[in-house]
Amino acid sequence: MQDENATELPKQYDPGIIEGPITERWLGSKCFAAAPDERENSYVIMMPLPNVTGALHMGHAMDNVMQDLLIRWHRMMGDNTLWMAGTDHAGIATQAVVEKRLFELEGKTRHDIGREDLVKRIWAWKDEYQQRIVSQQQAMGCSCDWDRQRFTMDEVCERAVRHTFFKMFRDGLIYQGDRLVNWDCHLQTAVSDDELERKLVHGHFYHLRYPVIDPKPGEPSHIIVATTRPETMLGDTAVACRANPGAVLDELIAQAEQKVTEASDKDRADDQQALDSLKARKDSHLDVLNTIAAMAADGRQVMLPLQDRPIPIITDEWAKPELGSGCVKITPAHDPNDYEVWGRHKNDIDIVNILNNDGSLNDNAGDYQGLDRFEASKQIISALQERDLVEGIEDRDLEIDHSDRSKTIIEPYLSKQWFVRMSDIPDGVTLGSGTEREFKAPGLAQAAIDAVNPEWESPTGRNLTFHPDPVRYGKLYKNWLVEKRDWCISRQLWWGHRIPVWTGRWSGQQLLSMKMLISAHKDRDDVFVWVVLPNEQRMPAADALAAFESGELKADQVEIQVCFRDKDGEEAITPMLSSVGLKADPDVLDTWFSSALWPHATLGWPDPATAPIGEGQTHLDATDGASSCLDYFYPGSCLVTARDIITLWVARMQIMGLYNLGDVPFTDSFIHANIQDGKGNKMSKSAGNGIDPVDIIEQYGADAMRYVVCELQTGTQDVRLPVHAVSPFTGKTVDLAKAKHGDSIFTYLCPESGKEFDVLGTMQDHGIPAAKLFSERFEIGRAFCNKLWNSARFALMNLGEAEFRPLAADELAIEDRWILSRLNGAMRVVHEQLELYTPSAAINAAREFFWSDFCDWYVEIIKPRLRDSDQTAVARQVLAAVLDQILRLFHPFVPFITEAIWEKLNAQAPKRGIDTELPMSAMVINARWPIARDDWQDAAVETEFEMAQEVVKNIRDLRQSHGASPGKEVDVEITTNAATRTVLEPLGGLIAGMANASSIKFDAAAKPTNAATAVVKGMEIHVLGVVDVEKEIAKLEKQAAKIDGQIKGKRGKLENQGFLDKAPGAVVQKEQQALAQLEGELTSVQNTLSELRSN
RNA sequence: GGGCGAUUAGCUCAGUUGGUUAGAGCACUAGCUCGACAAGCUAGGGGUCACUGGUUCGAGUCCAGUAUCGCCCACCA
């Protein structure tokens, strides 16, 4: 019986020796590759680009596994499936990492080695990590089309970036302006709000006195203002108070009174205190605030100390009479709120920038020029103290913005930046210009908002839906977009896409050459020139030229901005541009600008035929009658990512896709869980709680890792993955949720040895060894794989030469019909749950079928048939067919092990099926996805089988609780009604086999003597010869008590008139039936009890 | 301060439109080397569904409030 083939399978599943060769087979047979063909259904996933800053952790693994799951599922369903892989240059992050290394290893800054050399080094770094990331993804089994990999700075993407920038520039959607940005003084770049990190810092709150110029009688001699950053006072250009402080305070007092009356008991005291202090403030401050307001109206000034510069007192709503002195200093160039104040008072007050790029003070800082801002702060305070201009200093913990990348304090800083206009604009924005999908939208942000509205009618009829909770995530997406804040796209970095614009201010002498330049380019479609007027208004070149001719416009009033679409075009006239005094913009674009183009840039937009792809890569143009990749694969299908990426990236991809192509880049977005550690903190490499998926794969196997990751993805809930470390001292596991930290938050103490180890892998230089991180959760996955392996091993040992011939229904045993019915149910649920984006429910349904139904029952039941030559053929055929379907069903979740078993199964049973032959393929990756067979569904058989299972379980329980050893055969008698007997009698052999009974008798007579008895579902099951009277009585008494409780509950319900009147008839009826059955059971139990007691 | 979400067994999580006295896996207890699998099999114990009210004949499920935790946004003279 034993087959030679099967003996090759070892007893335990060893992923280490399976996974490598399987990966080779997949790659070798090009089954991940996608190309446009005649199929109507394509399925496209654009991989969220990992940064090339470092290796991946379990959060990325979740993202990648979810994508591979969807991709493999769709590939098996016959879709033309493309998974586009690649990496992001991640501007700031990558440059920061490389600069840090440069400094640590060589003691040099980027300025020492220059732009060209730094960029070269970053490319080298990128090559190293890109390779590492791809190897991690391949280890996980990601079935990406590796021959199409892109990098956001490769030539294909660069061309798309330039085309998009040019288009936006020409359309007036990109503009340059002086804006207050978050400035990273260390990296010397602007960073976006999203790249800020708030930290609590111990600091001081300084109250300063600014002398009033020529105070009149009754007026204060000083106005008190407060700041946490004293150095900014050098850039103050006004002091503000409220125009009507009394009205504001009265309003606040009224609100506070309201709050006190509505307060809960707990809050009342606090609210009352707040009210009291407001009232006290009105008494103490109102008079002087009114005086200052009057002074403001009178155009009075204060003298800015140290600078000896008069600055006006103004009134503005930003001043809060309830806080501080009620007056506030205005530093427009260094505070976002003050900047807004300046916006409201542009004609009255100045804006003075006092900082250099590196955080030192510039020539506007008077005596303090050249000092670092922190040093200047100290000196300014002591100078003010000498002049008796410090009213007081408070200690205070301050929440201060830090750069996420350099970890240094962010300064609000006035600088020239490029922006994309997100707001609505008067004539609207043309989306997809030049395509057949061209249409108008009010603005870029609005277009992306519309796209998520289910009723939105786009030219293509497509829109965007989030999963698994469209409402919740749709709201998140919209709430961010409705702000329509302009997007700052310039970064003062060296690593990234250079902004393709030349700018210059023109003197009168160069008017002629400017005119020539403009004339030469005004009719070209690859160059666009804006002439910027002093009021920030702009004119296209042609209009400006006319204005120059008529003398309306003078050359020295304007700035010129020239944007080149093509790199070649720009390089061709570089010398000319320089010679007339234009300068290339030194900045690069925000990383998200290029990643927002990912879904169409990777497919060759704007022209797939001429896309500059790399050597050995798959072409993108249309050939052999097939469409181009862009036409065929755009728009894509599903974007798989985590919640926090919805705003950063999903929204921006929508904007860019709609703008460039007039269609959404993908129709669905699957938002998966974030992985947290055992304490509920988000997993990340930089937090020291990140597990490398490769560590898990080495220990448990890729499929085990994937199995658990799929199981974790239950819905919208983030998941905890308790993280353990392997102590490098003892080799034992340490639970990081409980372990104590060492000297740094990245080190922990080994509880046994007390020695310190590191979890980031960055402390080796300090003599602190690193620990590998893992999680015991993955044991489950390993156990599953081992079970699958061994069930296959059993099947292969017993299949012999399984052959296929169409089987008629009456040739099948009841257990065959049962397992097929259950299989149909599992196929249906798995498919449905995948459609609902709930992989956990899908894999659990598959597991339940495989482990409980197939292994625990079906395989055990057919063992005798497999040994009986008369019955073996049908059993083998069903076994092979069901195993086939199991492998297909599990393949998207656990691809390696299913592929390995599939090969063996193909060798031994090349033709498989029940009534018809299943479609075959050499590898399961290309096999057809199992489609539910509703004709296999058999509710009657499932019910009958369930009864048999109930009997078996009860017999086993009775045996065990009465101490009958598992090997001992017992006799069983079952007392029941005729209907149940009719069902169970034919299943007697099956029941006997599963319960190890020597005989099953159906006898309507009373309880046999000397038997242990279970009362269940209208049956009395007696196991003869094993009775232990005391145990029996105790057990039955417990059961009686439980039934009695249930009966009381039911009676209470049924005696409740309200229930009878109002509950639906079906519910009442169900309760009545349940009560009747319970009462019957109770009688049986009590009868059995009294018989036992009387003996 | 605003918004979103969560709180169910020791742990990690399910629980469909409200309808038996609430489920799974891991861990735990007891028994088991029987011809696939001890990474296994069989059986078992374990929960006042965070708390307080409300709606309802009936609440883990709906509503309000409280507490705790997480995430996002804003503000901080």
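Values in this document were obtained by computation on a predicted structure and should not be read as measured data.
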Do nucleotides 25-34 of chain B as a string where each nucleotide becomes B, S or -: B if the base has a protein heavy atom under 4.0 Å, S if just the sugar-phosphate does, - if no protein is that close. S----B-S--

On RNA chain B, compare the nucleotides closest to L1060(A) and Q676(A); which residue's is nearer the 5' end? L1060(A)

Would you indicate which nucleotide in C75(B), G40(B), G19(B) comes nearest to any side-chain atom of F1059(A)? G19(B)

C37(B) phosphate, OP1 or OP2, under 4.0 Å from K11(A) side-chain N/O: yes

Taking salt bridge (charged side-chain N to carboxylate O under 4.0 Å, His left out) as the definition, give me every residue that meets it alongside R847(A), ordered by chain and number, with sequence neighbours left out. none

K787(A): partners by salt bridge (charged side-chain N to carboxylate O under 4.0 Å, His left out), with sequence neighbours left out: none

Check whether any side-chain nitrogen or oxygen of K863(A) sits under 4.0 Å from OP1 or OP2 of A36(B), and answer yes or no. yes

ring-ring contact (aromatic ring centres under 6.0 Å, His included) partners of H962(A), counting only residues at least two apart: none

Listed by chain and number, what are the salt bridge (charged side-chain N to carboxylate O under 4.0 Å, His left out) partners of R782(A), not counting sequence neighbours? E779(A)

The side-chain hydrogen bond (donor to acceptor under 3.5 Å, both in side chains) partners of Y339(A) (sequence neighbours excluded) come to none

Please enumerate all residues that pass ring-ring contact (aromatic ring centres under 6.0 Å, His included) together with Y837(A), with sequence neighbours excluded. H467(A), F670(A)

Any residue meeting side-chain hydrogen bond (donor to acceptor under 3.5 Å, both in side chains) with T838(A), in chain and number order, not counting sequence neighbours: Q833(A)

Could you pull out the protein-nucleic contacts involving nucleotides 2-8 of chain B (nitrogen or oxygen on both sides, under 3.5 Å)?
| unit_1 | atom_1 | unit_2 | atom_2 | d |
| --- | --- | --- | --- | --- |
| C4(B) | O2' | R472(A) | NE | 3.4 |

Side-chain N or O of T714(A) closer than 4.0 Å to phosphate OP1/OP2 of A14(B): yes

Report the nucleotide, chosen from A43(B), C57(B), G35(B), that has the shortest atom-to-atom distance to any side-chain atom of K1062(A). C57(B)

Given the rule that a pair is Watson-Crick or G-U wobble with both distances under 3.5 Å, how would you write RNA chain B in dot-bracket, using | for pairs to a different strand? (((((((..((((.....[...)))).(((((.......))))).....(((((..]....))))))))))))....

For Y206(A), which residues count as a ring-ring contact (aromatic ring centres under 6.0 Å, His included) partner, sequence neighbours excluded? H204(A)

Taking D338(A) for the side chain and P332(A) for the main chain, is one N or O donor matched with an acceptor at less than 3.5 Å? no

For A875(A) and Y858(A), which heavy atoms make the closest approach, and how far apart are they? O-OH, 4.3 Å

Please name all residues satisfying salt bridge (charged side-chain N to carboxylate O under 4.0 Å, His left out) with R1051(A), sequence neighbours left out, ordered by chain then number. E1079(A)

